[in-house]
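Below you'll find the structure, written out as structure tokens, and then a few comments.
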Amino acid sequence: MTFPNVRLRRLRTSSAVRDLVRETLLTPADFIYPLFVVHGRGVRNEIASMPGVFHLSVDQLAAESRELVSLGVRAVVLFGLPAVKDAVGSENFAADGIVQQAIRVIKDAAPELVVVTDVCMCEYTDHGHCGIVRAGQVINDETLNVLQQVVVSHAAAGADIVAPSGMMDGMVRAIRQALDGEQFSNVSILSYAVKYASSFYGPFRDAAQSPPQFGDRHSYQMDPANAREAMREAQLDVEEGADMLMVKPALAYLDVIHRVRERFDLPLAAYNVSGEYSMVKAASANGWVDEHKIVLELLTGIKRAGADMILTYHAKDAARWLND
Ligand code: PBG
């Protein structure tokens, strides 16, 4: 059967028919909204390179959480900016660290909101690397001990999901062991399993004040040219006990999202990262693209590629547009 018997335009004749046959549905419940938490009171400072995204102090988080819930966004991912940075990133695992405080306030204000914490060292260390540094090298296995302390402190504060993003070998296994050893076996691990050494993180490094002070991240984050290696990264994390996988960034890696989706049955997240966000905001501010339409098209594309959930700075705007 072919034309003229087959006419694909028949299923595009009205908006109602198009709604019936649509394959990919985007909803606010797909989104995980990143929050950047800072010390101080009454702080709500817009991040210059990420219009519409703010540094928030802890006292702002109750209202922010309730707003997210009212929009239908059900999850946040927390990043903290510590008061002081040092070689091991001490505030990262302090009981009263900025993220630990934030978790408690959010869980108090909106208990139903899922709290995911980013687990990494770069925001907390004076050298800006995602691990312990010795003689200019990032030392893998010693870093695991620190990550274990971090996840236990996040779990103790009430985090639902911990998301290790430092691309250390064995991080998922070490974290699972630490959580289970402290009776946090209900806390899930969302592994940044496939994370590329990407230039799309530029604006985030402003937001988190976390650029490496020497060198780059190529000895731990993946080469953007590799997709088979992504399968090995995901496989290892599955074997180590990850509950969910992530691919990051999203837009230049839709093929990788698709491949991970085909190969693994774990829930899959994609991170629509800072550079992807800022490019859309800049083009929209210039009137070169229609922000509303382009954002929903991009997020739909990420979901169509195979992501079940999307970490995105567009979450609040996209939720409003979807709710309209
Ligand atoms: C921490 C971390 C980074 C991002 C999320 N977690 C920065 C990096 O790896 O350099 C990037 C997020 C974004 O760009 O939106 N390791």
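Whatever order the structure lists them in is the order used to number ligands and atoms, beginning at 1.
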Passing candidate, side chain to side chain contact (heavy atoms under 4.5 Å, CB included) with H314, options V280, V53, I294: V280

Protein contact to atom 9 (O) of ligand 1 [nearest heavy atom, distance to 0.1 Å]: K195 NZ, 2.7 Å

Identified ring-ring contact (aromatic ring centres under 6.0 Å, His included) counterpart of F79 within the set F204, Y124, Y33: F204

Y313 near ligand 1 by a heavy-atom separation under 4.0 Å: yes

Under 4.0 Å to a heavy atom of Y271 - the qualifying atoms of ligand 1, by number: 12 (C), 15 (O)

Basic-acidic side-chain contact under 4.0 Å: K107, E112: no

Side-chain donor/acceptor of E182 to backbone N/O of L179, under 3.5 Å: no

Atom 10 (O) of ligand 1 [closest protein heavy-atom partner, distance rounded to 0.1 Å]: R205 NH2, 2.7 Å

Test item, R217 contacting ligand 1 (heavy atom, 4.0 angstrom): yes

Heavy-atom nearest neighbour in the protein, as seen from atom 12 (C) of ligand 1, with distance rounded to 0.1 Å: F204 CD1, 3.3 Å

Donor + acceptor pair across side chains of S185, D180 (<3.5 Å): no

Proximal atoms of ligand 1 relative to C122 (non-hydrogen, under 4.0 Å): 1 (C), 16 (N)

Non-hydrogen atom of K248 closer than 4.0 Å to ligand 1: yes

Cationic tip of K195 above Y201 ring, under 6.0 Å, 45° of axis: yes

Min heavy-atom dist G166 to ligand 1 below 4.0 Å: no

Among H39, K85, Q100, side chain to side chain donor-acceptor pair (under 3.5 Å) partner for E91: H39

Parallel, tilted or perpendicular: ring planes of W321 versus H292, cut at 30 and 60 degrees: parallel

Interfacing atoms of ligand 1 (cut-off 4.0 Å, heavy-atom, Q221): 8 (C), 9 (O)

Atom 14 (O) of ligand 1: the protein heavy-atom neighbour that sits closest, reported with distance to 0.1 Å: S274 OG, 2.7 Å

